[in-house]
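Everything on this sheet refers to the single structure shown next.
Chain letters run A, B, ... following the sequence lines, proteins first, then strands; residues in each count from 1.
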2 protein chains.
Amino acid sequence: MTNPPESARVEQAVDLLRAAGERLTPARYAVLRVVDAADRSDEHLTAEDIGARVAELEPAVHRATVYRTLTSLVDTGVLSHVHLGGAATVYHLSAVPAQHHADHDTVHQPHGHHAHVQCHACGKVLDVAPEVFDDVAERLRADLGFVLDTGHAALLGTCQDCLT
Amino acid sequence: MTNPPESARVEQAVDLLRAAGERLTPARYAVLRVVDAADRSDEHLTAEDIGARVAELEPAVHRATVYRTLTSLVDTGVLSHVHLGGAATVYHLSAVPAQHHADHDTVHQPHGHHAHVQCHACGKVLDVAPEVFDDVAERLRADLGFVLDTGHAALLGTCQDCLT
DNA sequence: ATCGTTGCAAAGCATTTGCATGCCT
DNA sequence: AGGCATGCAAATGCTTTGCAACGAT
């Protein structure tokens, strides 16, 4: 029980970090654990959300450090971020090709790479299988020479619950 | 030459404004002209961009007023805004069902309603015909009950020029 | 021991708000 | 005339930065 697969994802992230010649610090470790936990509960945390949780885990870590850490982890490729509809940016562990996770709906796919749509009414973020955008991506490439980065930004709309 | 259809679009916007029982003030008029001009040159202006141009047109108008004006014009429905990939929000005249404009590429469509994709390398914003997202919209609705608001948020990718 | 990383605190920026005045209708 | 919109200025909130101290390797 107490040795959940979480460690696997975090460890993998740590390995990536080290492979990139980066140092592992308490701040970085805390950020990785927080993001991993959020990932596996399908939460989407912003920089400040992460800062808040890191503060609980490592009170000594300064907010500014969380921002710098997020930036460097994204640069390293350990984390990736998604720009949501409004303005917020949320973070994910980028590595890890999915493994467990009991899915609930069709277009939903376990972790790993995925696209996002956000409800502008309630703010909820839904994960979507990247293939849903394959046709659009193909058309944009053919017509405009534009290579779509599926999942780097979320589209807006209204979720089922908010359709009155 | 000098009596461009601009006035038509602005006038239409003004009518909408009045129909909504809102007042026409120098600040609002300036904002409308600026946004109209941007629209017809396919530019995508943020609140501060608009503020800067309004300052040239009406030096007396305060920045705070531009923000308040944009908000109220969007509420009224005269303007609509699009959330770009990064964080910025850009504005469009919402009415006006397109008219002139010599198009250059297939998926490009004159003004009116359209979707957007943004290059995260150069920041350029490309307008895309909303139909490009029809299939995605249909699938999201069918699978998740999510109603996509095409064109309220932009997707990210890399434009032809930036593909090295 | 070295050099990247952190803490701290202050600066930055875009955006918002309270309030009294002004002006559109 | 009446009430919404504006100017002004201060406050906000998130994020960034300079610099010296710290600590991971």
Practice prompt. Return yes if a side-chain donor-acceptor contact under 3.5 Å exists between A:E48 and A:T46, otherwise no.
Written response: no
Discussion item. Can a side-chain donor-acceptor contact be found between B:H44 and B:D49 if the only test is distance below 3.5 angstrom?
Written reply: no
I need the [atom1]-[atom2] distance between [X] and [N], as an integer number of Å.
| X | N | atom1 | atom2 | result |
| --- | --- | --- | --- | --- |
| B:I50 | C:dA14 | CD1 | C1' | 14 Å |
| A:L24 | C:dT5 | CG | C1' | 12 Å |
| A:R28 | C:dG7 | CZ | C1' | 15 Å |
| B:R18 | C:dC24 | CZ | C1' | 9 Å |
| B:L17 | D:dC4 | CG | P | 15 Å |
| A:E48 | D:dT12 | CD | C1' | 13 Å |
| A:Y29 | D:dT25 | OH | P | 13 Å |
| A:L70 | D:dT17 | CG | P | 15 Å |

Practice prompt. Let me have a per-nucleotide readout for nucleotides 16-23 of chain C, 5' to 3', with B, S or -, counting only protein heavy atoms under 4.0 Å.
Written response: BBB-----
Worksheet item: Yes or no on side-chain hydrogen bond (donor to acceptor under 3.5 Å, both in side chains) for A:H116 and A:H83, after CA distance, side-chain angles and deciding distance?
Response: CA-CA 9 Å; A:H116 309 75; A:H83 300 290; over 6 Å; no
Worksheet item: OP1, OP2 of D:dA24 versus side-chain N and O of A:T25: anything below 4.0 Å?
Response: no
Discussion item. Below the 4.0 Å mark, does D:dA5 have OP1 or OP2 next to a side-chain nitrogen or oxygen of B:T69?
Written reply: no
Worksheet entry | Pair B:E11-B:R18, salt bridge (Lys or Arg N to Asp or Glu O under 4.0 Å): steps then yes or no | CA-CA 10 Å; B:E11 272 172 37; B:R18 290 215 148 99; over 6 Å; no
Discussion item. Set out, in order, the CA-CA distance, both residues' side-chain angles and the distance that settles salt bridge (Lys or Arg N to Asp or Glu O under 4.0 Å) for B:R40 and B:D36, then state yes or no.
Written reply: CA-CA 6 Å; B:R40 56 183 56 251; B:D36 171 56; 3.4 Å; yes
Discussion item. Within this structure, what is the OG-OH distance for the pair B:S72 and B:Y67, rounded to the nearest 0.5 Å?
Written reply: 15.0 Å
